[in-house]
Amino acid sequence: SHGQAVAMGMLGAGKMSLELGLWSHADLTQLTDLITSFGFPTHISNTGITAETLYSKMLMDKKLSQGVLNFVLPDKIGHVNIVPINDVDLILNSISHILDTH
């Protein structure tokens, strides 16, 4: 569902913010707990989808600008910034966070 996709995107963005030092493990845990409390899953399971496959789809997204993906990343609970990211390993690691294969 769209809601599940949004929840997964929020978790991936949260992981990316953690990796960039924009927020803490406690913030990511709070986000995960919130998503769980609404009944949304926190991982994509049993689909065979890889991080690389999702990344290739992201390259067709409207948030791609001049070859760089723009991410909406939290820097504290309730506040986000648009951050251009071209570090493929960072993106793949963040996608892997929501896949059961990580």
Side-chain angles (χ1 to χ4, degrees):
S1 73
H2 178 73
Q4 289 173 328
V6 170
M8 293 294 116
M10 290 171 63
L11 288 169
K15 174 66 172 175
M16 192 175 294
S17 286
L18 178 65
E19 295 294 322
L20 290 171
L22 299 176
W23 71 345
S24 68
H25 283 279
D27 291 326
L28 183 56
T29 298
Q30 185 176 354
L31 174 63
T32 303
D33 291 348
L34 178 67
I35 287 171
T36 301
S37 76
F38 282 101
F40 290 112
T42 58
H43 292 90
I44 299 170
S45 301
N46 304 319
T47 62
I49 296 172
T50 66
E52 291 79 8
T53 299
L54 286 177
Y55 174 70
S56 70
K57 300 296 183 192
M58 292 170 76
L59 294 176
M60 294 183 266
D61 191 84
K62 64 186 175 196
K63 291 180 282 301
L64 182 70
S65 175
Q66 299 178 347
V68 176
L69 285 166
N70 292 299
F71 289 87
V72 178
L73 300 182
D75 58 7
K76 63 181 179 179
I77 299 295
H79 188 265
V80 297
N81 288 299
I82 297 174
V83 180
I85 305 285
N86 62 2
D87 182 339
V88 176
D89 290 334
L90 174 63
I91 296 168
L92 291 174
N93 184 43
S94 297
I95 294 170
S96 292
H97 178 70
I98 62 171
L99 299 177
D100 271 345
T101 58
H102 75 283

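Keep in mind that the numbers below use all heavy atoms, side chains included, and drop hydrogens, waters and symmetry copies.
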Review point. Listed by chain and number, what are the salt bridge (Lys or Arg N to Asp or Glu O under 4.0 Å) partners of E19, not counting sequence neighbours?
Key: K15
**Study point:** Inter-residue atom distance L99.CG - M8.CE, 0.5 Å rounding
**Key:** 9.5 Å
Point to revise | Those residues that, when tested against H79, pass side-chain hydrogen bond (donor to acceptor under 3.5 Å, both in side chains) (two or more places apart) | key: D75
Check your understanding: Which residue pairs pass the salt bridge (Lys or Arg N to Asp or Glu O under 4.0 Å) test with at least one member in residues 89-99, sequence neighbours excluded?
Key -> none
Review point. Are M60 and I91 grouped together when hydrophobic residues (ILVMFWY) are joined by side-chain heavy atoms under 4.5 angstrom apart?
Key: no
Exercise for review: Indicate yes or no for a side-chain donor-acceptor contact from D27 to the backbone of S24 under 3.5 Å, with no hydrogens or angles considered.
Suggested key: yes
**Study point:** Nearest-0.5 Å distance, CD1 of residue I77 to CG of residue L31
**Key:** 6.0 Å
Compile the donor-acceptor pairs under 3.5 Å between side chains in residues 34-42 and protein atoms, sequence neighbours left out, one pair per line.
from	atom 1	to	atom 2	distance (Å)
T36	OG1	T32	O	2.9
S37	OG	L34	O	2.7

Study note, to complete from the structure: By side-chain contact (heavy atoms from CB on, under 4.5 Å), L92 pairs with (sequence neighbours left out) A51, E52, Y55, V88
**Study point:** Value rounded to 0.5 Å, distance of CG in L54 from CD1 in I44
**Key:** 5.5 Å
Check your understanding: Can you tell me how far the CG atom of L69 sits from the CE atom of M16, to the nearest 0.5 Å?
Key -> 8.5 Å
Exercise for review: Could you state whether V80 and L90 fall into the same hydrophobic cluster, counting links through intermediate Ile, Leu, Val, Met, Phe, Trp or Tyr residues with side-chain heavy atoms under 4.5 angstrom apart?
Suggested key: no
Check your understanding: Are I95 and M58 close enough, and set up right, to give a side chain to side chain contact (heavy atoms under 4.5 Å, CB included), and what steps lead you there?
Key -> CA-CA 11 Å; I95 294 170; M58 292 170 76; 3.6 Å; yes
Practice item. Report the residues that fulfil side-chain contact (heavy atoms from CB on, under 4.5 Å) with T29, sequence neighbours left out, ordered by chain and then residue number. Key: D33
Check your understanding: Transitively linked via ILVMFWY side-chain contacts under 4.5 Å: V6 with I49?
Key -> yes
**Study point:** I82 CD1: over 12 foreign heavy atoms closer than 6.0 Å
**Key:** no
Check your understanding: From L18 CG over to H97 NE2, what is the distance, rounded to the nearest 0.5 angstrom?
Key -> 8.5 Å
Check your understanding: Nearest 0.5 Å, what's the CG-CD1 distance between L73 and I85?
Key -> 5.5 Å
Review point. Is there a donor-acceptor contact under 3.5 Å from the side chain of W23 to the main chain of L28?
Key: no
Practice item. Measure across G14 and P74 and return the closest heavy-atom pair with its distance rounded to 0.1 Å. Key: CA-CG, 4.3 Å
